[in-house]
Amino acid sequence: MSDKKQDKKIVEPKKVVPTTKQTESKFYVYELREHSRELFRVRPEVFDGALFDYPDTQITKSDAERRIRAFLAKEAKQ
């Protein structure tokens with residue numbers, strides 16, 4: 001019998017990092033405007049002001065919410 005010392009490699013389990021990112025649904029701007037009171041608790045006029053310069057016809061709810069909050073945080077010019 002041979003007394004060879006075998007090198008055993010310890011294999012660590014790989015850490016699984018979730019890479020899937022859920023994409024949020026986009027809605028037409030006019031649909032979100034129609035329901036702006038229920039969704040964002042703002043009047044349609046405020047919604048219009050927040051998305052005045054938005055270049056696309058569809059937007060996610062979170063993007064719309066972010067634009068509305070930023071619009072409401074702006075100081076009014078005299």
Side-chain angles (χ1 to χ4, degrees):
M1 289 188 139
S2 64
D3 292 328
K4 290 185 179 178
K5 190 174 184 180
Q6 294 180 351
D7 291 332
K8 292 185 179 181
K9 293 183 179 179
I10 299 174
V11 178
E12 302 259 342
K14 293 182 180 178
K15 293 182 181 179
V16 177
V17 178
T19 57
T20 58
K21 185 179 178 184
Q22 289 184 342
T23 57
E24 194 174 352
S25 299
K26 287 191 172 187
F27 298 91
Y28 286 101
V29 173
Y30 74 88
E31 290 177 329
L32 294 178
R33 183 187 189 281
E34 289 175 3
H35 301 285
S36 61
R37 290 180 189 258
E38 298 89 25
L39 294 172
F40 310 113
R41 295 181 177 22
V42 296
R43 294 173 41 188
E45 294 84 4
V46 174
F47 184 86
D48 290 341
L51 275 81
F52 175 72
D53 60 349
Y54 189 71
D56 204 359
T57 58
Q58 293 183 335
I59 190 170
T60 62
K61 286 182 187 178
S62 61
D63 287 343
E65 177 81 26
R66 194 174 310 118
R67 285 178 161 268
I68 291 168
R69 298 300 159 222
F71 179 75
L72 292 173
K74 285 183 184 177
E75 199 169 312
K77 296 180 183 178
Q78 290 185 353

Quick check: closest heavy atoms across Arg41 and Glu38, and the distance to 0.1 Å? NH1-O, 3.6 Å
If you compare all heavy atoms of Phe47 against all heavy atoms of Ser36, which two are closest, and at what distance to 0.1 Å? CB-CB, 4.1 Å
OG of Ser25 to NZ of Lys61: how many Å apart, nearest 0.5 Å? 8.5 Å
Close side-chain approach of Arg33 and Asp48, heavy atoms under 4.5 Å: yes
Kindly compute the distance separating OG1 (Thr57) from NZ (Lys26), expressed to the nearest 0.5 Å. 9.0 Å
In this structure, which one of Tyr54, Phe52, Phe40 forms a side chain to side chain contact (heavy atoms under 4.5 Å, CB included) with Arg67? Tyr54
Same cluster or not: are Leu51 and Leu72 linked, directly or through other Ile, Leu, Val, Met, Phe, Trp or Tyr residues, by side-chain heavy atoms under 4.5 angstrom apart? yes
Are side-chain heavy atoms of Asp56 and Val29 found at a separation under 4.5 Å? no
Grab the two heavy atoms, one from Ile59 and one from Ala64, that are nearest each other, plus how far apart they are. CD1-N, 3.7 Å
Nearest-0.5 Å distance that lies between atom CD in Glu34 and atom CZ in Phe27: 13.0 Å
Side chains of Arg69 and Val42: does their closest heavy-atom pair fall under 4.5 Å? yes
